[in-house]
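Below: one structure, written as structure tokens.
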Amino acid sequence: MYMRIMPLYLPNHKLLVYISGIAEILLGIGICFEATRKLSVFGIILMLAAFLSVHFYMLSSEKASAGIPKWILILRIPLQFFLMYWAYYYVNI
């Protein structure tokens with residue numbers, strides 16, 4: 001499923017999907033510990049920023065959109081910025 005939404009200009013799609021999945025798991029675990037929370041939050045924010053390219057690609061490609069209505073794809077972009085803000089909120093907790 002994730003292979004279809006990878007922008008064509010990115011190399012090695014399968015490897016990038018695996019790396020991003022592992023990073024999501026490790027960063028999620030990192031938030032649970034005070035010693036690694038700040039670093040994990042900034043890692044999550046960077047990943048959310050990188051995933052913006054996927055959201056724009058899904059808007060521009062019929063195949064990548066996977067039949068999701070265009071209005072939902074458009075709403076996901078501001079949602080991504082809200083998620084970045086929400087992650088940043090956890091820096092000071």
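Positions are given from 1, in the same order as the sequence printed here.
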Smallest separation among heavy atoms of [X] and [Y], with atom names:
| X | Y | answer |
| --- | --- | --- |
| M6 | L10 | CE-CD1, 4.0 Å |
| S40 | L27 | CB-O, 3.5 Å |
| L59 | I74 | CD2-CG1, 3.7 Å |
| Y57 | I5 | CD2-O, 3.4 Å |

Side-chain heavy atoms of [X] within contact of [Y], under 4.5 Å:
| X | Y | answer |
| --- | --- | --- |
| R37 | V91 | no |
| I31 | I44 | yes |
| I72 | P69 | yes |

Side-chain heavy atoms under 4.5 angstrom apart, residues restricted to Ile, Leu, Val, Met, Phe, Trp, Tyr: same cluster for [X] and [Y]?
| X | Y | value |
| --- | --- | --- |
| V41 | I25 | no |
| L79 | W86 | yes |
| Y89 | L83 | yes |
| L48 | Y88 | yes |
| F56 | L75 | yes |

Once rounded to the nearest 0.5 Å, what's the spacing between atom [atom1] of [X] and atom [atom2] of [Y]?
| X | Y | atom1 | atom2 | value |
| --- | --- | --- | --- | --- |
| K14 | M3 | NZ | CE | 6.5 Å |
| E62 | S60 | CD | OG | 10.5 Å |
| F51 | L46 | CZ | CG | 11.0 Å |

For S53, give me all partners under side-chain contact (heavy atoms from CB on, under 4.5 Å), at least two apart in sequence or on another chain.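 S53: side-chain contact (heavy atoms from CB on, under 4.5 Å) contacts with P7, Y9.
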For F81, side-chain contact (heavy atoms from CB on, under 4.5 Å) partners two or more places apart: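 side-chain contact (heavy atoms from CB on, under 4.5 Å) list for F81, sorted by chain: L52, I77, M84.
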Does atom CZ of F42 have more than 12 heavy-atom neighbours, drawn from other residues, nucleotides or ligands, at distances under 6.0 Å?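 Yes, because the 6.0 Å sphere around CZ of F42 holds more than 12 heavy atoms from other groups.
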Would you list the pairs meeting side chain to side chain donor-acceptor pair (under 3.5 Å) in which at least one residue belongs to residues 64-83, sequence neighbours left out?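 As it turns out, the side chain to side chain donor-acceptor pair (under 3.5 Å) pairs with a partner in residues 64-83, which skip direct neighbours, are H55-R76, H55-Q80.
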